[in-house]
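Structure record follows, encoded as structure tokens.
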Amino acid sequence: MLKTINAKILTGFILGAILSVASILFYVSQNYEELAQTNTKKSLTMLSESIFQTIRLSMFTGDPSVMSDSLSRANSIEGVEELQVFKSQSTVSLFGGKSSEDPKIINSLETGESHIVETHNEKHLVRLIKPLKAEQVCLQCHALNQVGDVLGVMDLTLSLDEIDELIRNDQQNMALFMISAAIVAIIIIIIFLRLVLFKPLKDLTETAKDLGTGDGDLTKRLNVLRNDEIGETSRYVNLFIEKIANVIEESKSS
């Protein structure tokens, strides 16, 4: 058990500092991660939209080699895990090839809706399934379709592993900085408490101990160099010692 005031104050202060730093670190980390993830997803949305428009433009040419080259270049972009384009049944009928049997791809081909799927298994991946809808210029090759018909689906999978690693490193650096700052603050405060509180209390204790169990030297006085509560207490202790010394002198005289 803690017996001295020094130990109690230091223990309470250190525990309070640890809890405060832990709470602040948790709060800041959570908000930082949410902010980083939000900004990351915005950047990924911009990247996916750029890739989507590039694929559309390559398809407008009607040249399979241009479309294949665009897909190859897009797959080489850092962060792109996989990129595929699946044709609708009408496009397969006109140009050959095959469509996908993936339920989400089929749903996007039938409804024209986009899908975003995020997974956290061995890798952190975001999969964007986005329909390629016919525009007026597309009808030159897709004569049986109308504007707005789904001609195919872009299936883009992006990896967030590298971004997650950067976020973790930033959080670790932030944690180390806050812990280091807290340790420095604790050391400074402990030194301040020792000079302002603990040392004067120790002198007061030693004087009281000497009066109670020592040789009873009533000529000793506490050095009063302060005007705070400890200084005021020290003055009263000096007055008390002086009164006892006077009483003893009067007793000796009588």
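Starting from 1, each residue takes its place in the sequence as its number.
- Residue Ile77 is grouped with residue Leu156 when hydrophobic side chains (ILVMFWY) are merged at heavy-atom distances under 4.5 angstrom, including chains of intermediate members.
- A side-chain donor-acceptor contact under 3.5 Å links Ser180 to the backbone of Leu176.
- For the pairing with Ile129, the side chain to side chain contact (heavy atoms under 4.5 Å, CB included) check across Thr157, Asn107, Asp155 returns one residue only, Asp155.
- Judged by distance alone, the side chain of Thr111 and the main-chain N or O of Glu113 form a donor-acceptor pair under 3.5 Å.
- In terms of heavy atoms, Leu109 sits closest to Lys87 at CD1-O, 4.0 Å.
- Between His124 and Glu118, the closest heavy-atom pair is NE2-OE2, 2.6 Å.
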Worksheet item: Could you walk me through whether Asp102 and Ile106 pass the side-chain contact (heavy atoms from CB on, under 4.5 Å) check?
Response: CA-CA 6 Å; Asp102 188 308; Ile106 295 173; 6.0 Å; no
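- Residue Leu151 holds its CG atom at 13.0 Å from CD of Gln89, rounded to the nearest 0.5 Å.
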Worksheet item: Between Leu83 and Met154, does a side-chain contact (heavy atoms from CB on, under 4.5 Å) hold up when you go through it step by step?
Response: CA-CA 7 Å; Leu83 173 62; Met154 181 187 76; 3.6 Å; yes
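- Ile24 is listed as a side-chain neighbour of Met178, based on a closest heavy-atom distance under 4.5 Å.
- For the pair Leu160/Val126, a side-chain contact is recorded, criterion being any heavy-atom separation below 4.5 Å from C-beta on.
- Between the side chain of Ser114 and the main chain of Lys130, no donor-acceptor pair closer than 3.5 Å is present.
- Within the structure, salt bridge (Lys or Arg N to Asp or Glu O under 4.0 Å) pairs that include any residue of residues 68-84 comprise Asp69-Arg73, Glu81-Lys123 (at least two apart or interchain).
- Heavy-atom neighbours of Arg168 CZ from other residues, nucleotides or ligands within 6.0 Å: above the threshold of 12.
- Here the CD-CD distance, from Gln146 to Gln136, works out to 10.5 Å after rounding to the nearest 0.5 Å.
- Here the CD1-CG distance, from Ile116 to Leu158, works out to 10.0 Å after rounding to the nearest 0.5 Å.
- Of the inter-residue distances, the one linking Ile105 atom CD1 with Gln84 atom CD reads 8.0 Å to the nearest 0.5 angstrom.
- By the rule that hydrophobic residues join a cluster once side-chain heavy atoms approach within less than 4.5 Å of another member, Leu166 and Met174 end up as members of separate clusters.
- In this structure a side-chain-to-backbone donor-acceptor pair under 3.5 Å is missing from Ser159 to Leu125.
- Asp149 places no side-chain N or O within donor-acceptor distance of the main-chain N or O of Asn145, the cut-off being under 3.5 Å.
- For the atom pair CD (Glu122) and CG (Asp161), the distance works out to 10.5 Å, reported to the nearest 0.5 Å.
- Applying the salt bridge (charged side-chain N to carboxylate O under 4.0 Å, His left out) rule to Glu162 yields no partners; only residues at least two apart in sequence or on another chain are considered.
- Using a 4.5 Å heavy-atom threshold, the side chains of Ile179 and Ile183 count as touching.
- The side-chain contact (heavy atoms from CB on, under 4.5 Å) check on Ser20 picks up nothing, with sequence neighbours excluded.
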Worksheet entry | Leu132 vs Val150, side-chain contact (heavy atoms from CB on, under 4.5 Å): CA-CA, chis, key distance, verdict | CA-CA 6 Å; Leu132 296 160; Val150 179; 5.9 Å; no
